[in-house]
Every structure is written in structure tokens, then in C-alpha cells.
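Report on the structure given below.
Per chain, numbering begins at 1; letters A, B, ... match sequence-line order.
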Amino acid sequence: MKPCTIGRMTVERHREIVTRFAPSPTGHLHVGGARTALFNWAFARKRGGTFVLRIEDTDVARSSVQSTLGILEDMRWLGLDWDEGPSLPSARDADESLFDPETQKGEHGPYFQSERGHLYREALDRLLESGRAYKCFKTAEELDALRKKARAEGKAYQYDPTDALSMSRQEVARREAAGEPFVIRFRMPDRDIVVDDLILGQVRIKRNELEDFVIVKSSRAGGGPTFHFANVVDDAAMGITHVLRAQEHLMNTPKHVALFEALDIAPPRYAHMPLIFNSDGSKMSKRDKAKAARAAARQAGLKEVPGIDQPLFDEFMAKKNDDLLVAAAIAAKLELTLPEIDVFDFRRSGYLPWTLLNYLSLLGWSPGNDIERFGLDFLVEHFDLSRVGKANARFDRAKLLAFNTDAIAELDAATFQRMLSEHLRAFHPEYDQLRGEVERFALFAESYRPRSRTLEEPAINGRFFVIEDSALVYDAKAVRKVLLKYDGRGLALLGPLHDALAAHEPWEADSLEKAIADFAADRGVNLGDVAQPLRVAVSGGTVSPPINHTLVILGKGSTLARIKLAMDRAPAMGE
RNA sequence: GACCCCUUCGUCUAGCCUGGUCCAGGACAUCAGGUUUUCAUCCUGAAAACACGGGUUCGAAUCCCGUAGGGGUCGCCA
């Protein structure tokens, strides 16, 4: 690859592989983006190359620092480290105030496009000088009308450069001086363009399918470089050798290749990956969350939701907007989990980062044998573009969950406890106190470890452990089935059980198990006939860790208090 | 609509390049049993696919052509 000179920068990275992940900071990191990042990362790591992270914030209106931070944090959580790019604050918690865009690693920065204007300007000058770029005064409205007209006539629309190209220098200068807005377009070469894709093979795009596209927006739209232009200039300036991106970019590639050639720089190799869809074949988008929330709200007959202005809510329900804040508020109110779309969603739902990555790697890639469960080290060792498929894939949450179940089963006690604690700290402040009680929390974690498929499940299922005794809510169905059925056989056991337990010491798992078993044996009933009523009495429902562990985590005081509470409330809960 | 990409069990895929060992293998899901004091696990088994049509060949999931279906793109968004 010959050296590239843009600005004062000369990039010469001999035979080294350089890949990049270049998200635009307009929201959270999407799983599709995560897979793109993963493949670029794995490809670079496998070949001993460099992985660059570049923030494409050319769309000033939609980009934000919070999004940038969120994406960096998601990348960090996933364990995808980059060799060059912005630095993440070292704090465990991403704190916006600690984030300094000036801090970065690598020598090809800045890694924010918003700070690379001089490079685009210089490249533009070169194109303007060589006649490969020209000014066009057609407004967006005019072009829109032309597109509509072509469509109405059933014809394919394509930009016609005749007017702009035939305009005299004087005329251009006059209109420019008069302050008329214009865009700058790239003059496509007069020939077909062949993209030699590492996954798809050769793809030929005919000259008449290609049009002179905009590389610099008009002053009305901020006057900055378009994605195509900034992307190419940066890939050149950063010495990117391989561009791995989603197939939706395939039709952009001829433009990019032509741009590289016009700048007299060898283009990188391209590899277009298949897309990821929902299990029903629809596009995985933020709208899914809005859709799910709307459906749930409708079913629950929700007419308003705390924290959201009524007009906004009404519009949301009328499908006038897909505001995620409204969706989140509905989800919180109805206690439902919205479909996970972003990396952060999966994190909040309690998936392990390497499990998500493992699953994601299988969407479009396969190691070629029957091995499916593996970690990043395996991926780095075996990843290869030749084994990336061409067909789109559907995201199957059930399979991800199965992977996560196994991954959690493989964690040792200490690791699970640490990860659970971290998860609860981030998403469930109601567990703060329990987390602080070392021994009790260790037992809590150890009780849930073998029965959790995600880090979120202990938080949901164990909630009865962290509420006031008096706040315990009894599930009517459970009370009827376990305590009241058969003439209150279960309920009748609670009194003597209370007394037996009140007299029991010490309050620890083994002796409690024995005590409960003895209690059952004395009455000639099965262990389950005692355990279930006791479980309902102390937890409010039929599901909890083994009963002896449940009692130890709860403590003697709460156990006895709750048994009394059950004896008190259950009789009134019949039909 | 035009251009481009794709097509193996419900889903993700192995096999395809280098035709026979494939009446197609694995995983998840499903169904049926079993273990377990609840739950979550776990164990055993079953059902389940080469989109269709033509061609090449002794022989095609594998090569070629066509058809159908799916997807992507067609922005001063990235």
C-alpha cells in the first residue's frame, strides 16, 4: 500500500492490518453495531493488527457526548479494547464530567470527525483542483421535486450533472458571492466499478447506476462533509486496510472506491457482512421497544404514566412518536422488559458480556465444526473472513438465554457473587443494604447461582428478601393452593411450625433443614408438604431458593414475623 | 420500479470452493419420558431442512441456467 498524504500526516503502516469501528454517537450501541465492532476487533487481533475506534459525529444535530460515552462504556463492558481512539475515563462508572474528548490514544487522531475539518478541507481542495468535484446550486427541494416526478412517471431517478457542469466559472462565482447555498458533488468516473469484496466476491456496478453524489453539504445543512467523504478521508488518513461493515453499505462502496482513486490513494479491502434481523424477520430497531410498550399499555388500559407529559403520552399511543422515554416509563410502570436491542439493554437484562459476544459471533460466522460455545480467545484464534456467511440472520433470544444459562453455570461462586453485586449496584438500588452484609449476601448469591439464567433473575425473584416484612404481598393463587386447599391443611401447619422454629437454634442451613425434615416426619407428611406452606408464608409465593437457605437469608426475626403475617392474612384470601 | 445481495430443520448453522463417505451433522426452540422439597437446572428419546424447475454427470445439497421468495440500496442520515 502506498503512503497516503493528507494534511501533514503521512500514513505508512507496512503490511499491518488496520481495522476500525466507526459508530455515529446518536444513541446506544446497537447489537448489530456490536457485531460489526466484534468482527473488526477479532480480525485485527487475529492478524496482530491495529483496531481503531473513530467517532463519526458529522451530524452535529444528532450527535451527543452522552451517546459517545455510552458507546465507549458499552465497548468497555463487552471487553472490546481499541488500540487507537478516544480514552474512556478510568472510573468504574462512566461519568460524563470525567470524559475528556481531548484525551486519546494513537497517533492518527483526533478520533472525532468533528475535529478533523482541516483534513476534509484539504482533500476537497485537491478534488476541486483536479476537477473531480464541483459545486451544484440545486436545492434539496428542487431535487425532491425531480425525484417525485421521476417516480410518478415510473422512471428511475438519477441526478443530472449537466447544468452544474456547464455553468461558467463566472456564474458560479456570482451565485456563490450572492450567498446562494450550494453543495459540492463528486464527479464519478466514466466507467463501471468493481468491488472485490472479501465475503461476497466481485460485485460489478454499472456506470449508469452511479451518480455524482454530494460530498459537502450546503450551508443550510451545516456545510460539513457527508458520511461518504469524511469516512473515506479518515480511512485513508488512518491507514485503514480492511473495512468490515454491514451489507447495507454495499451500494456505498463504489462511491468510496471512486473517491479513494480520485484522491490517488489505494482503497482498503472491503468485506460486507450479512444483516441481523428480529426473529420475525423485521428490522431490529428502536421502534420495537415502542411497539412492545404500546401494545402492553393498550392491553393494560394505561391512560397515563408517571413522569411523562400527557400530550406526549397520547401522541405515543397514537403512534405519532416512538419516544423511548415514554416506552421506558410504560415498561417501568407495567414492570415489563422491553425487547433488547442495544448492548445496554442486554446488560440490564443480566446477560454476561462474553455470552452476548459469543452468540453474536455466530450470527454470520461459524468456526466450521460443531463448536458453538467459546470465549474471545477462541474467537481471536479462529476468526476468519472466509468463514463469514452471506445470508442474513435472525436474532434468537431463546438461544442467547440458553448460552447465558450455561455461562452462568460455569461461573465459580466468587465470580458470580462479584458480577451479581455489580449488576445489582447498577440497576437495583433496593439491594444496596443486602449487598453490604457480606455473609448474608454471599449466601443470597450462592442460593441463586444454580437457579439463575441471567444476573437479573435473582433481582426479580429475590425481591421478597429486601422488603419490609409488613410490605410482603401474598400471591392469592399460591395462598389458596398451598395454604387453604384441603381444608387449610397447609395453614394449620404454620402455627406449630412457628413455635418449632422459634425454639430452634442455631439459625443455620444444615440444622434448619434437619429441623424441618423432622417436623415433617413427626407428622407423617412429605418434606414438600411442609416446605411449600413455609415458603409461601415467608416469600409470598411458591418460588424461592431451598427453604432452609431462604430462612437463613431472611433471618430468624423476619421468618417468624412472616409466618405470623401469613396466619393472619391467609384465612381472608379464600374465594 | 431499477440495481445489488441472498436462499440447508421453526431459528442459527456444518457440509458446497476440491460432486460419491449426506436417505444431510450440531446447537437453540418444540414434543415425549425421567431426576429434583418449589423454581431454575440436569438426563434420555423423538419429530424436523438441501425453495422450485431444467441442465451437466455414472452420480448433485454440492457445478451451470432459469423461476420464485426474502433482503439491501436508491438522502445535503450514517
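Residues that satisfy the ring pair (Phe, Tyr, Trp, His ring centres under 6.0 Å) test with A/H498, not counting sequence neighbours, are absent from this structure. With sequence neighbours left out, A/F137 forms a ring pair (Phe, Tyr, Trp, His ring centres under 6.0 Å) with A/F182. For A/R394, the side chain to side chain donor-acceptor pair (under 3.5 Å) test picks out no residue, with sequence neighbours left out. A/N526 pairs by the side chain to side chain donor-acceptor pair (under 3.5 Å) definition with nothing, not counting sequence neighbours. Residues forming a salt bridge (charged side-chain N to carboxylate O under 4.0 Å, His left out) with A/D412 (at least two apart in sequence, or on another chain): none. Applying the ring pair (Phe, Tyr, Trp, His ring centres under 6.0 Å) rule to A/H382 yields the partners A/F378; only residues at least two apart in sequence or on another chain are considered. In this view, A/F383 and A/F39, A/W365 satisfy the ring pair (Phe, Tyr, Trp, His ring centres under 6.0 Å) rule, not counting sequence neighbours.
A gap of 27 Å separates the C1' atoms of B/A51 and B/C58, to the nearest Å. Across B/A32 and B/U73, the matching C1' atoms stand 48 Å from one another, rounded to whole Å. One C1' atom belongs to B/C64, the other to B/A47, and the distance between them is 36 Å to the nearest Å. Between B/C4 and B/C50, the distance separating the two C1' atoms is 25 Å to the nearest Å. Rounded to whole Å, the C1' atom of B/U30 lies 9 Å from the corresponding atom of B/G10. Spacing of P atoms, B/G25 relative to B/A46, comes out at 12 Å, to the nearest Å. With P as the reference atom, B/A48 and B/U35 are 28 Å apart, rounded to whole Å. B/C17 and B/C12 are spaced 22 Å apart, taking the C1' atom of each and rounding to whole Å.
Within the 4.0 angstrom heavy-atom criterion, base atoms lie near A/A531. Residue contacts shown for A/S544 include a base, since a base heavy atom lies under 4.0 Å away. Looking at heavy-atom distances under 4.0 Å, A/H228 makes contact with a base.
Judged by Watson-Crick or G-U wobble contacts below 3.5 Å, the nucleotide B/C42 has B/G34 as its partner. Across every strand in view, B/C3 sits in a pair with B/G72 that passes the Watson-Crick or G-U test at under 3.5 angstrom. Nucleotide B/A78: unpaired (no Watson-Crick or G-U wobble partner with both distances less than 3.5 Å). Base pairing of B/U67: its partner is B/A51, meeting the Watson-Crick or G-U wobble criterion (both donor-acceptor distances under 3.5 Å). With both pairing distances under 3.5 Å, B/A24 is matched to nothing as a Watson-Crick or G-U wobble pair. Base pairing of B/U57 is not made with any nucleotide, judged by Watson-Crick or G-U wobble geometry with both donor-acceptor distances under 3.5 Å.
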Atom pairs, N/O to N/O, protein against nucleotides 40-42 of chain B, distance under 3.5 Å?
from: B/A40; atom 1: N3; to: A/P450; atom 2: O; distance (Å): 3.4
from: B/U41; atom 1: OP1; to: A/R453; atom 2: NH1; distance (Å): 3.3

So which protein nitrogen or oxygen atoms get under 3.5 Å of nucleotides 11-19 of chain B's nitrogens or oxygens?
from: B/C12; atom 1: OP1; to: A/R394; atom 2: N; distance (Å): 3.1
from: B/C12; atom 1: O2'; to: A/L362; atom 2: O; distance (Å): 3.1
from: B/C12; atom 1: O2; to: A/K399; atom 2: NZ; distance (Å): 3.3
from: B/U13; atom 1: OP1; to: A/G364; atom 2: N; distance (Å): 2.8
from: B/A14; atom 1: O3'; to: A/R387; atom 2: NH2; distance (Å): 3.2
from: B/A14; atom 1: O2'; to: A/G368; atom 2: O; distance (Å): 3.4
from: B/G15; atom 1: OP1; to: A/R387; atom 2: NH1; distance (Å): 3.1
from: B/G15; atom 1: OP1; to: A/R387; atom 2: NH2; distance (Å): 3.0

Between protein and nucleic acid, restricted to nucleotides 75-77 of chain B and to nitrogen or oxygen atoms under 3.5 Å apart, what atom pairs and distances do you find?
from: B/G75; atom 1: OP2; to: A/R147; atom 2: NE; distance (Å): 2.9
from: B/C76; atom 1: OP1; to: A/R147; atom 2: NH2; distance (Å): 3.2
from: B/C76; atom 1: O2; to: A/S218; atom 2: N; distance (Å): 2.7
from: B/C76; atom 1: O2; to: A/S218; atom 2: OG; distance (Å): 3.0
from: B/C76; atom 1: N3; to: A/S218; atom 2: OG; distance (Å): 3.0
from: B/C76; atom 1: N4; to: A/K138; atom 2: O; distance (Å): 3.2
from: B/C76; atom 1: N4; to: A/A140; atom 2: N; distance (Å): 3.1
from: B/C77; atom 1: OP2; to: A/K217; atom 2: NZ; distance (Å): 2.9
from: B/C77; atom 1: O2'; to: A/R62; atom 2: NH2; distance (Å): 2.9

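Electrostatic pairing of A/R220 and A/E141 counts as a salt bridge here, judged by a charged N lying under 4.0 Å from a carboxylate O. We find that A/D125 and A/R121 are not joined by a salt bridge, their nearest charged nitrogen and carboxylate oxygen being 4.0 Å or further apart. Between A/R449 and A/E446, at least one side-chain N (NZ, or NE/NH1/NH2) sits under 4.0 Å from a carboxylate O, which counts as a salt bridge. Ion pair A/E457/A/R453 flagged as a salt bridge, since at least one NZ, NE, NH1 or NH2 atom sits closer than 4.0 Å to an Asp/Glu carboxylate oxygen. Under the 4.0 Å criterion applied to side-chain N and carboxylate O atoms, A/E372 and A/K399 are assigned as salt-bridge partners.
Taking atom CD1 of residue A/I547 and atom P of nucleotide B/U38, one finds them 12 Å apart after rounding to whole Å. The CG-C1' distance, from A/N252 to B/A78, rounds to 9 Å in whole Å. One interatomic measurement links the two molecules: CG of A/D475 to C1' of B/U38, which rounds to 13 Å at whole-angstrom precision. One atom, CE of A/M251, and another, P of B/C5, lie 7 Å apart when rounded to the nearest Å. For the pair A/L275 CG and B/G72 C1', the interatomic distance rounds to 7 Å; values are reported in whole Å. One interatomic measurement links the two molecules: CZ of A/R207 to C1' of B/A2, which rounds to 16 Å at whole-angstrom precision. Taking atom CD on A/Q532 and atom P on B/C39, their separation rounds to 8 Å, with Å as the unit. For A/L497 and B/U37, the CG to P distance is 18 Å, given to the nearest whole Å.
A/R204 CZ: 12 or fewer foreign heavy atoms inside a 6.0 Å radius.
In this model, the phosphate group of B/C5 is not approached by any side-chain N or O of A/K390 to a distance below 4.0 Å at OP1 or OP2. The phosphate of B/C28 (OP1 or OP2) has a side-chain N or O of A/R373 nearer than 4.0 angstrom.
For the segment residues 192-203 of chain A, residues with any heavy atom less than 4.0 angstrom from an atom of RNA chain B are, sorted by number, A/L200, A/V203.
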Solution key, residues 21-31 of chain A side-chain donor-acceptor pairs under 3.5 Å, sequence neighbours excluded:
from: A/H30; atom 1: ND1; to: A/G32; atom 2: N; distance (Å): 2.9
from: A/H30; atom 1: NE2; to: A/M284; atom 2: O; distance (Å): 3.0

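By the 6.0 Å and 45° rule, A/R373 stacks over the aromatic ring of A/F403. Relative to the ring axis of A/Y157, A/R151 does not place its NZ or CZ within 45° and under 6.0 Å from the centre.
The side chain of A/E56 lies closest to B/A78, out of B/G72, B/U37, B/A78.
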